[in-house]
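Worth knowing before you read on, the calculation uses all heavy atoms, side chains too, and leaves out hydrogens, waters and symmetry mates.
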Amino acid sequence: MSEQTPTSRLWQVPDGDLATIMVACEEKLRTGYAEMLAIVGEIEQRGLAKSLGFKDTSAFLTDALRISGREARQRIEHAAAIMPSSSLTGVPQPPPLSATGEALATGDINAEHVHAITAIFQACPTEIPAEQREADERILVELARQAGPEAVRKACRRLHAIWEQDTAPPEDKDREQVNPPRRLDITHRKDGSIRFKGELDAETAEELDGLLGPLAKPHKNPATGEHDTRTAAERAGDALAEIIALAARCDELSTQGGERAVMIVTVTLAELEDRVQQALLNVPGLTSIDALRRLACESKMVPAIFGNNAAPLYVGDASRFATPAQRRYLTARDGGCAWPGCTRGPKWTTPHHVVAWSVDKRTDVDNLVLLCTRHHRMAHHTAWEVRMNGHLPEFIPPPWIDEQRKPMRNLAHAPPPEYQQAA
């Protein structure tokens, strides 16, 4: 909260300024947590808790700060992991996660990011050299600067699998590569239904999680507006049914994701000239040109303009839709949704025109970027901007997120280029 704007006067703040204040407040919370960890580390190093009559630092923090024992222990662990001065425990300690500590101190990441990163390095095998630890930490921190904690946790799981693979005996590596642990036991019932159980290797399990996640989310009934009453297991079962149906009708699911419906936009010449936006489409909820453009990105669009007495004046073609070959290229280039920090894979994305197709009729790969449904909406309806830098897409955040509006790229699908070159 800025000193010039007390909470009692927030209602007077313009929308853009209110968003800026919120971001600044979050940065203060993050830098404040970094200061707290420095203090906790110093208290632990001095043994201050025992000198004050407490059993340990955790008991002292619980009493003095009125926080739970779990929160107290977590702060101690975070301090020990990222603060160089908090390691006098008499036991050899791994090098501090200095990049994580610096990012927290500057307000770039939050406590959840810190928890995800420190937790994975607590499980880091001792065989991993210090140089690799530092490089892997930098990758996670850069991802945390643009993505939420869940994306970082997902990257941490992938990193842990890589560590285990790097440190496994050669015979174990060969055995898992040839015969990954996968098993599916199916019991057929008399009514035609089945019951099954099994196990999957880590790589396949990660892919399944990515497929189930967006499909198994609870949603409202579109007809009644009622909240989803299905259990988590029922939602997962419905999601699996959708995945099976999608796989059954798509020959190249991994690269094409199936062809979307054809959308025919009809409008009379008079309506077009009068800019009656509501006449563009008879689709509930579609009330603007921007919404039409977003929907058109996801469909084969065939514009048809009629004169009086339904005389066709112009019927276009569907050339705005990316070809299968272009989708394969975009899959290889973007790896999935290209929005900074998004982990959604290519199956759940739509090719988005960086420069609107209506402007220059370009549907080439240097004018396309893969976006998931959520970020496709943000590209069309928020202050974020998308542009191409050479052959790669960049995203420009709104000024209330970054006053300098520095371009960003997604690091969630692959390591930064400099790390790839070093490797």
Side-chain angles (χ1 to χ4, degrees), residues 146 207 210-211 214-215 242-243 245-265 281 289-304 314-382 384-396 407-417 420:
Q146 63 174 222
E207 291 181 341
L211 293 171
L215 297 176
E242 287 191 56
I243 293 169
L246 182 62
R249 65 176 181 265
C250 295
D251 295 331
E252 297 181 73
L253 176 62
S254 62
T255 57
Q256 294 184 36
E259 182 175 288
R260 294 190 180 247
V262 175
M263 176 178 70
I264 299 180
V265 181
L281 269 182
I289 292 291
D290 286 339
L292 172 65
R293 287 172 179 160
R294 173 179 53 78
L295 187 59
C297 282
E298 303 173 1
S299 311
K300 255 181 192 174
M301 182 176 177
V302 182
Y314 171 78
V315 179
D317 56 30
S319 61
R320 70 178 296 145
F321 194 67
T323 66
Q326 288 174 323
R327 281 215 58 136
R328 283 191 287 270
Y329 171 84
L330 295 172
T331 296
R333 187 195 71 186
D334 297 343
C337 179
W339 197 277
C342 185
T343 60
R344 191 65 60 85
K347 301 177 184 65
W348 312 108
T349 61
T350 296
H352 166 74
H353 289 75
V354 177
V355 178
W357 183 82
S358 59
V359 174
D360 59 6
K361 305 298 188 291
R362 285 179 54 211
T363 304
D364 56 76
V365 291
D366 284 343
N367 191 42
L368 295 174
V369 57
L370 293 182
L371 296 178
C372 67
T373 300
R374 172 172 173 260
H375 290 126
H376 196 191
R377 287 180 175 275
M378 292 181 65
H380 279 277
H381 303 298
T382 70
W384 279 83
E385 297 177 11
V386 189
R387 72 182 186 189
M388 299 299 294
N389 186 347
H391 302 288
L392 297 175
E394 291 183 336
F395 296 80
I396 314 298
M408 302 172 64
R409 290 178 181 166
N410 193 355
L411 305 179
H413 301 298
Q420 291 178 316

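- The salt bridge (Lys or Arg N to Asp or Glu O under 4.0 Å) test applied to Arg387 returns Glu394, not counting sequence neighbours.
- Side chain of Arg333 to main chain of His391: a donor-acceptor pair is present (N/O by atom type, distance under 3.5 Å, no hydrogens or angles).
- Considering all non-hydrogen atoms of both residues, Pro351 and Ala322 come closest at CG-CB, 3.8 Å.
- Evaluation of the side chain to side chain contact (heavy atoms under 4.5 Å, CB included) rule for Glu385 yields Ile396, Arg405 as partners, not counting sequence neighbours.
- Val365 and Met388 make their closest contact through O-CE, 4.5 Å (heavy atoms, listed as atom of the first residue, atom of the second, distance).
- One distance of note links CG of Asp364 with OH of Tyr329; it measures 10.0 Å at 0.5 Å rounding.
- Summarising the geometry, atom CG belonging to Leu330 is positioned 5.5 Å from atom CG belonging to Leu368; distances are rounded to the nearest 0.5 Å.
- With rounding to the nearest 0.5 angstrom, the SG atom of Cys372 is 14.5 Å from the NZ atom of Lys347.
- For the residue pair Asn367 / His353, no side-chain donor-acceptor distance below 3.5 Å is found, with atom types taken as modelled.
- Screening Asn410, Thr349, Leu370 for a side chain to side chain contact (heavy atoms under 4.5 Å, CB included) with Asp334, the sole residue that qualifies is Leu370.
- The distance from the CG atom of Asp366 to the CG atom of Asn389 is 11.0 Å, given to the nearest 0.5 Å.
- Taking the six-membered ring wherever Trp is involved, the centroid distance between the rings of His375 and His352 does not fall below 6.0 Å.
- Shown here for Leu411 and Gln146, the closest heavy-atom pair between the two residues is N-OE1, 2.7 Å.
- Rounding to the nearest 0.5 Å gives a distance of 10.0 Å between SG of Cys337 and NE2 of His376.
- Ring planes of Trp339 and Phe395: tilted class, angle from 30 to 60°.
- When every heavy atom of Leu371 is checked against every heavy atom of Ala338, the shortest pair comes out as CD2-N, 4.5 Å.
- Listed here is the closest heavy atom pair of Leu215 and Glu242: CD2-OE1, 3.7 Å.
- No donor-acceptor pair closer than 3.5 Å links the side chain of Arg344 to the backbone N or O of Arg374.
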